[in-house]
Amino acid sequence: MDSTDPTRTFIRNIKRLVVKVGTAVVTRGDGRLALGRLGALCEQLKELNSRGYEVILVTSGAVGLGRQRLRYRKLANSSFADLQNPQGEFDGKACAAVGQSSLMALYDTMFSQLDVTSSQLLVTDSVFCDTGFRQQLSETVNSLLDLRVIPIFNENDAVSTRKTPYEDSSGIFWDNDSLAGLLALELKADLLVLLSDVEGLYSGPPIDPTSKLIQTFVKEKHLGEITFGDKSRVGRGGMTAKVNAAVCASCAGIPVVITSGFATDNIIKVLQGEMKGTLFHKDAHLWTLVKEVSAREMAVEARESSRRLQALKSEDRRKILLDVANALQDNEDMIMAENNADIKAAEEAGYEKSLISRLALKPGRIELLANSIRKIADMEEPIGRILKRKEIASDLILENTTCSLGVLLVVFESRPDALVQIAALAIRSGNGLLLKGGKEARQSNAALHKVITSAIPDTVGGKLIGLVTSREEIPDLLKLDDVIDLVIPRGSNKLVSQIKESTKIPVLGHSDGICHVYVDKSADIEMAKRIVSDSKVDYPAACNAMETLLVHKDLASNGGLMELVAELRKEGVTLYGGERASQLLRISEASSFHHEYNSLTCTVEIVDDVFAAIDHIHQYGSSHTDCIITKDQEVAEIFLNQVDSAAVFHNASTRFCDGARFGLGAEVGVSTSRIHARGPVGVEGLLTTRWILRGNGQVVNGDKGVTYIHKDLTQKN
């Protein structure tokens, strides 16, 4: 979808919203209140209130709560003889009268715990015929909202003139869904959110496996196609009522989202621009209706395109990369504009500064990315290289050659520049690619993807690289083990760990970047200060940043340790200690040595010698990058040979563990796996091998008449 997605731009101007929660959300399957869901709803509304949104709540549930209380009271007062006879159904208006005070008391208690004030407003449809009432209602609500009070509306079923609150649909409004729509109009809301017990509006009953979730409702297209299921198990109208209310409100100019009230944060996610639920908008019929391609279809198309890419001559593949580099620079202004929009949205959403920093494409970054792509283009042709060649029998030649892996799925967070690097490496290695970026970089990713794919010739097809923007979440993508060959996660420890635990597809990556620097007793302290500082301070959030400083015990007594500590403190680094260091330096003890701070914080510990340092690294490290600083070459070799990490350095900053710095052009990530690629992964890490046998009519026939010679024909460099 284009980076200026019209289905999500409406969220930028939202100030006042009406939220309607139905009985099916308020109550559990047994009719009792769903206190957990109500609590989560109140917490969301409190958060929105604190962010400056004006929130109006329309709630159902009074009749159900009143019926439950009356049943309990009747049961408590019944004799044994009464219990032998079935209980009659209670009058709905009596249930409403009992339940309204109880429901409001519950909301008041929950909001009070969150330091939020709420108010109750009971209305009936007849009062909306009174112009004076409508004017007074608007003034009262505006006064409450100015005071940061959350108004809670409910239809006063206790005095409603309807024949029965579940059957009579006459009047200005006929259920709390239509009441919510009416209030959104009367109170000039910017958004109406209708919470349901399903994810949104489906093309058919949600329990039907053939039903699909409708992302954007277009009245002219969908109204005649939808098959509604049963009405709500407890409420008045179910999805039919919600759709009617949503259509009326959206036609009047108020965007509406139907989404799940069972999720704990869907309202907030909608306001952050995530695609949660079904959107109704008056201009939806004008938007280009793009057929949403499933991730499976994208993977199949990417594989087909990759085969066409592999069939090209090496020079033609190189030209594609050069065209991509040029296209990025030609479209720099557009890309930066979309990136700035993402940054602004992230700031408004209250994201952490470290995430916003990773999100930003700093000035000059596009040029650097373009130049790195040109370096990748100029690398030796990676596909079809002969690694081994031998004559296994007379005139029977066997070759082991490099080839593409197939289709890669790369899941990444925050950093849009990662998309460029990954795409360039995929093109150079002849792989198809699916990209699933973080929501915070949605516009940047869409812009970069559009620019890159537009530079890929039709002979290959832009579907070589697919940007997954559909509703399919990561767990759904990880089930596609029959069409995706490798998953590469780039992001938080939590993301990487979750992916490793939930897929059968091979995963290339690391879950922690717990990097150590060990300063030996023979180290040049001035050199050590530079390396230690750079390893921690150059980019604290990087996976190759130092998290633990290990210092030889002799440096604790000769002042070396204090110099290192002073250098870190000068750079604003917060220090925690192991058992020995915390006592000596009088600093707080670290809660765990196996901890990745991703900030200007690190752990310090004192060790007896290089062997103790190695043991510590093996026990608490993550096999990423570890460094020794020493002038003793013998000690250095012990460390380099015995530390079992993907990258081991002598007298050099851990920050050098990077694909570009290693001369790989770029990297898709740093792997701590022991199978396939390890360390920074460039083009070669995205290749596998295959065997090619060239014969002249030979057959095995029980090996009769075959003389195996296994003559090595590999050309030595």
Side-chain angles (χ1 to χ4, degrees), residues 295-324 373 375-389 399-412 418-436 449 452-453 455-468 477 480-490 505-509 659 664-669 671 673 675-678 680-693:
R296 174 176 293 279
E297 292 172 311
M298 292 174 68
V300 171
E301 290 169 342
R303 188 181 301 279
E304 292 173 352
S305 295
S306 72
R307 287 170 176 160
R308 291 193 290 271
L309 176 66
Q310 295 162 29
L312 295 180
K313 295 179 180 179
S314 177
E315 186 58 34
D316 293 333
R317 286 196 294 270
R318 178 178 178 275
K319 184 178 183 303
I320 293 175
L321 285 171
L322 296 177
D323 289 344
V324 168
I373 293 174
K375 288 182 181 179
I376 294 172
D378 289 336
M379 293 171 63
E380 179 187 359
E381 172 58 49
I383 303 173
R385 284 192 294 117
I386 299 175
L387 303 177
K388 293 180 182 179
R389 189 169 187 266
E399 295 174 344
N400 184 222
T401 65
T402 58
C403 64
S404 307
L405 278 169
V407 175
L408 315 175
L409 166 62
V410 181
V411 183
F412 60 103
L419 184 151
V420 179
Q421 298 177 47
I422 294 163
L425 291 171
I427 293 171
R428 195 69 179 106
S429 59
N431 286 295
L433 179 63
L434 294 188
L435 294 161
K436 178 68 172 177
H449 176 259
I452 292 170
T453 54
I456 298 174
D458 293 339
T459 52
V460 174
K463 294 178 180 178
L464 174 74
I465 300 173
L467 183 64
V468 182
L477 295 169
L480 304 177
D481 56 288
D482 58 329
V483 289
I484 295 174
D485 300 293
L486 182 69
V487 180
I488 304 173
R490 288 188 59 159
I505 307 171
V507 178
L508 187 150
L664 307 180
E667 67 178 35
V668 295
S671 171
S673 302
I675 299 176
H676 197 58
R678 200 172 184 209
V681 179
V683 170
E684 290 192 4
L686 303 180
L687 300 172
T688 185
T689 62
R690 59 176 182 164
W691 295 97
I692 295 176
L693 184 64

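Since the structure is predicted, the reported quantities are computational estimates derived from the model, not experimental observations.
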Legend entry - Listed partners of S305 passing side chain to side chain donor-acceptor pair (under 3.5 Å), at least two apart: R308
Legend entry - Residues E304 and R307 bridged, charged N to O under 4.0 Å: no
Legend entry - Closest approach of L433 to A423 (non-hydrogen atoms, all atoms of both residues): CD2-CA, 3.7 Å
Inset, instruction - Might you point out which heavy atoms bring G682 and L664 nearest each other, and give the distance in Å? - result: N-CD1, 3.8 Å
Inset, instruction - With the side chain counted from C-beta on, respond yes when D485 and I505 share a heavy-atom pair under 4.5 Å apart, and no when they do not. - result: no
Inset, instruction - Check whether any side-chain heavy atom of V681 lies under 4.5 Å from a side-chain heavy atom of E667, and answer yes or no. - result: no
Inset, instruction - May I ask you to test the H676-L405 pair for a side-chain heavy-atom distance under 4.5 Å? - result: yes
Inset, instruction - Could you pull out the closest heavy-atom pair between A677 and S671, with the gap in Å? - result: O-OG, 3.0 Å
Inset, instruction - Quick one: do I373 and V420 satisfy side-chain contact (heavy atoms from CB on, under 4.5 Å)? Show the steps, please. - result: CA-CA 8 Å; I373 293 174; V420 179; 3.6 Å; yes
Inset, instruction - Apply side chain to side chain donor-acceptor pair (under 3.5 Å) to R317 and list each qualifying residue two or more places apart in sequence or on a separate chain. - result: E381
Inset, instruction - Please check if the side chain of Q310 supplies one atom and the backbone of G430 the other of a donor-acceptor pair under 3.5 Å. - result: yes
Legend entry - Evaluation steps, side-chain contact (heavy atoms from CB on, under 4.5 Å), between R296 and D482: CA-CA 9 Å; R296 174 176 293 279; D482 58 329; 2.8 Å; yes
Inset, instruction - Give a yes or no answer on whether the side chain of N431 reaches the backbone of G406 with a donor-acceptor pair at less than 3.5 Å. - result: yes
Legend entry - Side-chain heavy-atom pair I465, L435 within 4.5 angstrom cut-off: yes
Legend entry - NZ on K436 to CE on M298, rounded to 0.5 Å: 9.5 Å
Legend entry - Sequence-distant partners of A418, side chain to side chain contact (heavy atoms under 4.5 Å, CB included), two or more places apart: F412, R415, I422, R490
Legend entry - Donor-acceptor contact present, side-chain N400 to main-chain L387, <3.5 Å: no
Legend entry - Set of residues satisfying side chain to side chain donor-acceptor pair (under 3.5 Å) with respect to K388, sequence neighbours excluded: none
Legend entry - S429 side chain vs L687 backbone, donor-acceptor pair below 3.5 Å: no
Inset, instruction - For residues 680-691, pull every pair meeting salt bridge (Lys or Arg N to Asp or Glu O under 4.0 Å), keeping only residues two or more places apart or in separate chains. - result: R385-E684
Inset, instruction - Using modelled atom types only, decide if a donor and an acceptor are shared between the side chain of R303 and the backbone of V483 within a distance under 3.5 Å. - result: yes
Legend entry - Heavy-atom donor-acceptor pair, T453 side chain to G462 backbone, under 3.5 Å: no
Inset, instruction - Might you point out which heavy atoms bring I383 and S404 nearest each other, and give the distance in Å? - result: CD1-OG, 3.9 Å
Inset, instruction - Give the C-alpha distance, both sets of side-chain angles, the deciding distance and a yes or no for side-chain contact (heavy atoms from CB on, under 4.5 Å) between C403 and T689. - result: CA-CA 5 Å; C403 64; T689 62; 5.7 Å; no
Inset, instruction - Measure the spacing between NZ of K319 and CG of L312 and express it to the nearest 0.5 Å. - result: 11.5 Å
Inset, instruction - For residues P489 and V507, determine if any side-chain heavy atom of one lies less than 4.5 Å from a side-chain heavy atom of the other. - result: yes
Legend entry - Min side-chain heavy-atom separation L434-I484 under 4.5 Å: yes
Inset, instruction - Could you tell me whether the side chain of T402 reaches within less than 4.5 Å of the side chain of P382, counting heavy atoms only? - result: no
Legend entry - Spacing of CG belonging to D378 relative to CZ belonging to R318, to within rounding of 0.5 Å: 4.5 Å
Legend entry - Heavy-atom pair with the smallest gap, counting every atom of I320 and V460: CD1-CG2, 4.2 Å
Inset, instruction - Tell me, please, which residues at least two apart from D481 pass side chain to side chain donor-acceptor pair (under 3.5 Å). - result: none
Inset, instruction - Indicate yes or no: at least one non-hydrogen side-chain atom of L464 is less than 4.5 angstrom from one of I427. - result: yes
Legend entry - Matching residue for V410 among L508, V668, I488 - test: side-chain contact (heavy atoms from CB on, under 4.5 Å): I488
